[in-house]
Amino acid sequence: MSFKKDHRQETIIYLALWGLLFIAPVMSLYIRSNNLGLNFEWSEVLTVWRQYALFLVVFLIHNHLLAPMLVYKQKKTAYFGLCLAIVVIFQLYQCNHRPTPRNHEFRREMAMKGERPPLPPDHRDGDFRGPEGDMEHGPGGPGGPADKQPPLFVGQHDIISIVILILMLGMNLGIKLYFKQRGDQKKFSELEKQSLEQQLEYLKYQINPHFFMNTLNNIHALVDIDPEKAKQTILELSKMMRFVLYEGNKQGVPLDREIAFLNNYITLMKLRYTDKVRISVDTPASLPNREIPPLMFITFVENAFKHGVSYRQESFIDIALTTDDDRLTFTCQNSRIPKEEDKHGGVGLSNVRQRLNLIYGENYTLNIKDEEDSYTVTLTIPL
């Protein structure tokens with residue numbers, strides 16, 4: 001579809017340029033006729049159009065046969081060789097169809113009427129013999145200056161025509177290269193977009209299995225200790241699975257549903273710990289009706305439970321979410337537990353950074369403050 005659109009635009013440009021070129025002599029002759037009171041002679045227009053038609057034929061050959069050879073097939077030798085052949089053939093045609101000099105016809109017509117034709121600036125008055133002499137020996141005769149023809153192969157008019165021809169071919173090639181480059185950029189952008197989408201899907205699928213593995217381990221631990229809590233945990237897990245299955249594959253989800261997902265996870269995790277673990281969640285009473293990428297905060301909360309909760313001493317997890325204008329700030333702070341108790345490695349932070357880079361580029365901030373007794377993550381993203 002994009003190729004057809006570009007081809008149509010390119011054709012419109014050519015039609016407009018050639019249309020203006022063919023209209024120009026008509027308008028010029030019309031204006032001159034009105035200003036000078038002369039008759040509008042279509043024969044003059046047709047003479048110019050015949051010259052333009054020759055250029056048009058060369059343009060069509062170059063546009064449809066030669067230019068694609070260089071632009072799309074990279075056949076440089078064949079292209080430049082054929083272009084040179086076209087220029088030579090064009091010049092040979094110009095030589096064989098060179099019009100009769102109008103100055104000679106004008107002088108002959110003046111002599112036939114018995115009038116004195118205008119002389120060249122360097123011609124002496126004494127050399128003019130009248131109509132009869134002019135026909136035989138004067139400046140209008142066979143031996144006079146008016147009978148001097150342009151050079152056999154290349155004259156001034158021919159050089160100008162060749163320059164115009166080369167400029168025309170260069171213009172045609174430049175337009176084709178422009179549309180080719182624009183088409184390549186569109187294809188590259190589409191491929192890049194598809195690659196980003198595939199990377200995002202891959203990163204999300206990396207997050208989900210790890211998250212469910214930890215949750216199932218929690219349920220397994222509760223089955224023997226407290227079956228009722230295990231049942232409640234399964235209900236919470238089903239709500240979370242529903243969110244992941246139906247919302248996790250979308251590009252954006254409502255902010256309130258993402259917060260509800262976090263609350264379900266936190267509720268599930270609270271069932272496992274005692275009162276020594278203080279967990280607080282602070283979210284606005286009224287959330288804006290905006291969307292964010294799904295499963296954006298779960299990695300930070302999951303790591304807070306993994307690395308911030310101790311069974312031997314009091315610990316805390318503080319989660320806060322604020323909105324200001326069109327930006328959202330998520331903060332997760334947790335206590336640090338002794339290194340001998342922390343047997344888990346960091347999970348998902350590199351994936352989160354990569355995902356944020358793919359989605360927001362440089363339009364986000366992620367600050368991690370690692371202190372001796374606390375660990376704080378602050379993420380600010382646009383809504």
Centroid-centroid under 6.0 Å between F297 and F261 rings: no
Nearest-0.5 Å distance that lies between atom CD in Q91 and atom CD1 in I159: 8.5 Å
Beyond-backbone contact of F179 with V71, side-chain heavy atoms, under 4.5 angstrom: no
Under 3.5 Å donor-acceptor, T267 side chain and N263 backbone: yes
I266 versus I279, closest heavy-atom pair with distance: CG2-CG2, 3.8 Å
Cluster link L60 to I89, ILVMFWY, side chain under 4.5 Å: no
Value rounded to 0.5 Å, distance of CG in D370 from NE2 in H307: 11.0 Å
Any donor-acceptor N/O pair, S238 side chain to L235 backbone, under 3.5 Å: yes
Sub-4.5 Å side-chain heavy-atom contact between E314 and V277: no
L165 and F59, any side-chain heavy atoms less than 4.5 Å apart: no
Pair S280, D318: side-chain N/O donor-acceptor within cut-off below 3.5 Å: yes
Shortest non-hydrogen contact from A67 toward L173: CB-CD1, 4.4 Å
Sub-6.0 Å ring centroid separation between W18 and Y52: no
Partners meeting side-chain contact (heavy atoms from CB on, under 4.5 Å) with E228 (sequence neighbours left out): D226, K231
Heavy-atom closest contact (N63 atom, P68 atom, distance): O-CD, 3.2 Å
Smallest separation among heavy atoms of S374 and R336, with atom names: N-CG, 3.3 Å
Side-chain donor/acceptor of N172 to backbone N/O of M168, under 3.5 Å: no
Test item: S335 side-chain N/O and F316 main-chain N/O as donor-acceptor pair under 3.5 Å: yes
Value rounded to 0.5 Å, distance of CZ in F90 from CD1 in I162: 7.5 Å
Ion pair check, E371 and K369, cut-off under 4.0 Å: yes
Hydrophobic cluster identity match, L177 and Y72, side-chain contacts under 4.5 Å: yes
Greater than 12 external heavy atoms within 6.0 Å of Q9's CD: yes
Inter-residue atom distance T380.OG1 - Y364.OH, 0.5 Å rounding: 11.5 Å
Hydrophobic cluster membership, I160 vs F55, 4.5 Å side-chain cutoff: yes
Any side-chain heavy-atom pair of I86 and I61 under 4.5 Å: yes
Derivation and outcome, side chain to side chain contact (heavy atoms under 4.5 Å, CB included), residues V377 and T331: CA-CA 6 Å; V377 175; T331 304; over 6 Å; no
Path from L20 to L167 over hydrophobic side-chain contacts below 4.5 Å: no
V253 side chain reached by E291 side chain, heavy atoms, under 4.5 Å: no
N289 atom CG, neighbour heavy-atom count above 12 within 6.0 Å: no
For P284 against T322, the heavy-atom pair lying closest together: CG-CA, 4.5 Å
Residues L82, M69; criterion side chain to side chain contact (heavy atoms under 4.5 Å, CB included); working and verdict: CA-CA 10 Å; L82 290 174; M69 186 181 299; 3.8 Å; yes
K176, R182, K180 screened by salt bridge (Lys or Arg N to Asp or Glu O under 4.0 Å) with E10, the one that passes: K176
Minimum heavy-atom distance between P382 and N363, given as atom pair plus value: CD-O, 3.1 Å
Ring centres under 6.0 angstrom apart (H62, Y79): yes
Pairwise distance CD(E44) to CG(L46) - rounded to 0.5 angstrom: 10.0 Å
Non-hydrogen side-chain atoms of F330 and C332 separated by less than 4.5 Å: yes
Beyond-backbone contact of L169 with V58, side-chain heavy atoms, under 4.5 angstrom: yes
Residue list, side-chain hydrogen bond (donor to acceptor under 3.5 Å, both in side chains) with D324, at least two apart or on another chain: none
Steps toward side chain to side chain contact (heavy atoms under 4.5 Å, CB included) verdict (N334, V309): CA-CA 8 Å; N334 58 270; V309 175; over 6 Å; no
Pair N303, Y375: side-chain N/O donor-acceptor within cut-off below 3.5 Å: no
Distance in Å, I259 CD1 paired with L321 CG, rounded so as to fall on 0.5 Å steps: 4.5 Å
Note, I319 side chain near D282 side chain (heavy atom, < 4.5 Å): no
Working for side chain to side chain contact (heavy atoms under 4.5 Å, CB included), residues S161 and Q51: CA-CA 10 Å; S161 297; Q51 185 69 14; 4.1 Å; yes
